[in-house]
Amino acid sequence: MRRTHDVLIVGGGLVGASLAIALESLPLDVALVEASPSGELPAVFDQRNLSLAAASVNALAALGVMRELRAPTGPIRRIHVSRAGDFGSVRLEAGDYGRDAFGQVVVARDFGEALEARLAQLPRLTRYRPARFVGLEGDDGGARGVRLATADGDIQLQARLLVAADGTRSALRDALAIASRSHDYGQTLFVARMRGERVPDGTAWERFTDSGPTALLPRGDRAWGVVHGVPAVQAAAVSALDDAGWLARLQQVFGWRAGRFTGVGERSAYPIASMVAEALVAPRAVLLGNAAQTIHPVGAQGFNLGLRDALTLAEGLRAHAGDPGDATLLARYAQRRQEDRERTLAFSDGIARMTANPSPLLRPLRSLGLLAADRSGWLQSWLVGGAMGFRGDVPELCR
């Protein structure tokens, strides 16, 4: 007889693991399908820098994840945004809004270790690892059949609710026949740890160019987390630069706002493309995080959006005592996520396209926009609210 789980989460990365933790207190049989074996972190937990919005920090603290961090985080106390070739800039101060910080910068590997520490504290959680989803086995009306490939061969399970948290190329989304649309931005993002003559002072710098965004994030280890976008056709040449050439390139692109750059660590490169699923739910199934939407990293909204997906679902399950795969519950989830999702998608895609467009006709419009955002109180408040994760129907744990 197949084992039946109330909730089966496919994907043990940032969003899937967070959902499993958020469901800890509910009277549900929860299982997590993870590609990585015990003792290893998923590949997503690398040296990338995660900008956790204030709403995410609130929620992760409530879930007990922040206390498990063994490395210091870097508070974002101010944000400075500008674009090469345009005049004007936007400067946001957390203190102006009665806050110590807009959010925190966390190294993905450190965050992965904190999530793993919390997962290990969940005695009722079933973990299938290493395992991967390989197919659906039908629907008897009360649960969906699932087939997993494991080191010991295929196993078959039943799930009253299936959660696709298995990333942009979600196998579960494909099996559910949920269509998606994609866009290649023609950019490659380089990520690295960088040192400078000045240590970070809590300022997050964002510099846009025709080639894409470059950001400096204040890490907790007194170094900068650099995110540097380049045209995809130049990625190989940029990757081949030695450290001196890389630092010279960054200095030229970014200027001297943060002083002189003196050293750089290992660099990683990621092609930038977006993916948006046409639907968030299917019978007894729901999409979360990158499986639902993968967005341009400008503004660092991706994981924060996915975490709000997970928290909204957990909140809905808490309020709905009964069948976790109930169609009404899932429809309500999709409705609650609509505003936040649409506004965040429009913001990230719009900013990415507009700031990288080299047309001279756009320069005065962008400059006026920067000036307006820097001087308009209501516009700044709108930007700050979105940056901190307070957009749309905000989950209770985020507040």
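Start at 1 with the first residue, then count along the sequence.
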Nearest 0.5 angstrom please: [X] [atom1] to [Y] [atom2], how far?
| X | Y | atom1 | atom2 | result |
| --- | --- | --- | --- | --- |
| Ile295 | Ser348 | CD1 | OG | 4.0 Å |
| Ser268 | Arg48 | OG | CZ | 8.0 Å |
| Ser18 | Leu63 | OG | CG | 7.5 Å |

Donor on one side chain, acceptor on other, [X] and [Y], under 3.5 Å:
| X | Y | value |
| --- | --- | --- |
| Asn58 | Arg399 | no |
| Arg341 | Gln293 | yes |
| Arg207 | Ser82 | yes |
| Glu137 | Gln158 | no |
| Thr168 | Thr294 | yes |

Check your understanding: Does Arg249 count as lying over the ring of Phe190, i.e. NZ or CZ under 6.0 Å from the six-ring centre, within 45 degrees of the axis?
Key -> no

Regarding [X] and [Y], does a basic nitrogen lie under 4.0 Å from an acidic carboxylate oxygen?
| X | Y | value |
| --- | --- | --- |
| Asp243 | Arg267 | yes |
| Arg160 | Asp29 | no |
| Glu113 | Arg70 | no |
| Arg308 | Asp340 | yes |
| Asp100 | Arg77 | yes |
| Asp309 | Arg336 | no |
| Glu24 | Arg118 | yes |
| Arg127 | Glu116 | yes |

Practice item. Please name all residues satisfying side-chain hydrogen bond (donor to acceptor under 3.5 Å, both in side chains) with Tyr333, sequence neighbours left out, ordered by chain then number. Key: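 Residues passing side-chain hydrogen bond (donor to acceptor under 3.5 Å, both in side chains) with Tyr333: none at all.
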
Check your understanding: Hey, do the aromatic rings of Tyr128 and Phe133 have their centres closer than 6.0 Å?
Key -> no

Check your understanding: Just one of Val65, Leu125, Leu60 clears the side-chain contact (heavy atoms from CB on, under 4.5 Å) bar with Ile21, so which one?
Key -> Val65

Review point. Which residue, Thr126, Leu162, Val146, forms the side-chain contact (heavy atoms from CB on, under 4.5 Å) with His5?
Key: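 For His5, the side-chain contact (heavy atoms from CB on, under 4.5 Å) test succeeds with only one of Thr126, Leu162, Val146, which is Thr126.
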
Exercise for review: Show your reasoning for whether side-chain hydrogen bond (donor to acceptor under 3.5 Å, both in side chains) applies to Asp393 and Gln338.
Suggested key: CA-CA 9 Å; Asp393 189 346; Gln338 182 175 355; over 6 Å; no

Point to revise | Worked verdict on Gln301 versus His296 for side-chain hydrogen bond (donor to acceptor under 3.5 Å, both in side chains) | key: CA-CA 8 Å; Gln301 293 292 306; His296 194 288; over 6 Å; no

Review point. Are there more than 12 heavy atoms of other residues, nucleotides or ligands under 6.0 Å from atom CZ of Arg147?
Key: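 Yes - once you tally the heavy atoms of other residues, nucleotides and ligands closer than 6.0 Å, there are more than 12.
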
**Study point:** Within 6.0 angstrom of Gln234 CD, more than 12 heavy atoms from elsewhere
**Key:** yes

Exercise for review: Carefully, step by step, assess Arg91 and Asp96 under the rule salt bridge (charged side-chain N to carboxylate O under 4.0 Å, His left out).
Suggested key: CA-CA 11 Å; Arg91 293 157 292 184; Asp96 293 342; over 6 Å; no

Practice item. Determine, step by step, whether Thr73 and Gln104 satisfy the side-chain hydrogen bond (donor to acceptor under 3.5 Å, both in side chains) criterion, reporting the C-alpha distance in whole Å, the side-chain angles of both residues, the deciding distance to 0.1 Å, and the verdict. Key: CA-CA 6 Å; Thr73 62; Gln104 301 285 331; 2.8 Å; yes

Practice item. With side-chain hydrogen bond (donor to acceptor under 3.5 Å, both in side chains) as the test, would you mind laying out the steps for Arg78 and Thr203 before giving the verdict? Key: CA-CA 5 Å; Arg78 62 193 62 84; Thr203 302; 3.2 Å; yes

